[in-house]
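For reference, positions follow the sequence shown, starting with 1. All values below were derived from every heavy atom in this structure, side-chain atoms included, with hydrogens, water molecules and symmetry-related copies excluded.
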Amino acid sequence: MAILLAQIVTIIIAARIMGWICIKIKQPVVIGEMLAGIILGPSLLGLYFPEFSHTLFPVESLSNLQFLSQIGLILFMFIIGMELDLNVLRNKAHDAVVISHASIVIPFTLGISLAYFLYLYHPPANVEFLSYSLFIGISMSITAFPVLARIVQERGLQKVNLGRWPLPAPLPMILLPGVFWLW
């Protein structure tokens with residue numbers, strides 16, 4: 001329990017510091033929070049201070065941290081859903097469908113293209129190209145929504161016309177990647 005508390009405190013402090021820096025350079029706080037994760041992860045802390053990294057983030061404790069992060073994401077998305085005005089979607093359903101299709105299809109296509117080149121040079125063991133390309137394509141097409149929601153919320157854009165579109169627009173397509181995962 002002590003290690004989990006130390007991890008949470010370290011993560012919050014690093015995220016706040018990096019968020020503050022991002023505010024100073026007029027960037028969204030969520031970018032600073034992601035940078036804090038990169039700094040505390042294997043890319044920097046683990047690379048240059050591996051003993052400290054393994055002490056603060058031992059492998060056996062990461063499942064608890066993962067569980068807490070999922071709870072945080074679920075609560076955040078719940079709050080976004082509570083603040084979402086579906087009347088905007090109802091009034092302009094056709095526009096929402098076009099935007100949602102584009103926001104899924106374009107990153108999905110780019111992801112499959114990237115998968116082709118990654119698979120050529122770094123093929124994973126015992127994984128067919130179709131499965132690999134679908135994984136990369138789906139991953140690239142669905143992972144940006146929480147970040148977008150955070151930026152819209154942080155900037156207060158959900159209260160103006162421009163900011164009302166990014167959150168409800170993906171709703172018609174948000175289940176499509178889930179269908180691919182089940183397939």
Side-chain angles (χ1 to χ4, degrees), residues 1-25 27-84 100 103-104 107-108 110-111 114-115 118 124 127 131-132 134-158 163 166-171 173-183:
M1 188 60 126
I3 192 71
L4 182 61
L5 185 59
Q7 291 169 338
I8 291 170
V9 169
T10 303
I11 291 167
I12 290 173
I13 289 171
R16 294 289 182 162
I17 290 170
M18 294 306 296
W20 178 80
I21 290 170
C22 281
I23 288 171
K24 293 296 180 191
I25 59 173
Q27 294 298 311
V29 172
V30 70
I31 302 299
E33 292 167 349
M34 288 189 293
L35 288 172
I38 292 170
I39 290 168
L40 292 176
S43 298
L44 288 177
L45 186 66
L47 183 64
Y48 294 109
F49 304 101
E51 299 84 22
F52 180 70
S53 178
H54 292 300
T55 301
L56 184 59
F57 298 106
V59 175
E60 59 273 3
S61 73
L62 295 181
S63 62
N64 292 332
L65 206 52
Q66 174 74 22
F67 177 73
L68 283 177
S69 70
Q70 293 301 314
I71 290 173
L73 182 61
I74 289 167
L75 291 174
F76 175 67
M77 297 312 293
F78 176 77
I79 290 171
I80 293 298
M82 285 183 57
E83 295 176 351
L84 193 60
S100 68
S103 71
I104 297 288
F108 181 76
L110 292 172
L114 174 66
L118 290 175
V127 177
S131 300
Y132 183 75
L134 285 175
F135 174 78
I136 299 294
I138 291 168
S139 296
M140 292 196 64
S141 64
I142 63 172
T143 55
F145 185 75
V147 174
L148 175 63
R150 180 72 190 278
I151 292 170
V152 168
Q153 182 191 40
E154 175 187 322
R155 304 285 179 166
L157 294 175
Q158 74 273 20
L167 298 182
L171 289 179
M173 294 294 288
I174 218 151
L175 294 177
L176 181 63
V179 172
F180 280 122
W181 281 108
L182 294 175
W183 179 52

>> Just so I know, are the side chains of L68 and I8 near enough to count as touching, which here means a heavy-atom distance under 4.5 Å?
In response: yes
> How far apart are the closest heavy atoms of A115 and Y132, and which atoms are they?
Replying inline: O-CE2, 3.6 Å
> Can you name the side chain to side chain donor-acceptor pair (under 3.5 Å) partners of S131, sequence neighbours left out?
Replying inline: none
> Which pairs pass salt bridge (Lys or Arg N to Asp or Glu O under 4.0 Å) with one or both residues in residues 52-76, sequence neighbours excluded?
Replying inline: none
>> Ignoring hydrogens, what is the shortest heavy-atom contact between F108 and L134? Give both atom names and the distance.
In response: CZ-CD2, 3.8 Å
> Of all residues at least two apart in sequence or in a different chain, which pass the side chain to side chain contact (heavy atoms under 4.5 Å, CB included) check with P28?
Replying inline: V30, I31, I151, E154, R155
Donor-acceptor list for residues 35-47 side chains, cut-off 3.5 Å, not counting sequence neighbours:
none

Name each donor-acceptor pair under 3.5 Å that joins a side chain in residues 9-19 to protein atoms two or more places apart or in another chain, with its distance.
unit_1 : atom_1 : unit_2 : atom_2 : d
T10    : OG1    : A6     : O      : 2.7

Run the side-chain donor-acceptor check on residues 48-57: report pairs under 3.5 Å with partners two or more places apart or on a different chain.
unit_1 : atom_1 : unit_2 : atom_2 : d
T55    : OG1    : E51    : O      : 2.8

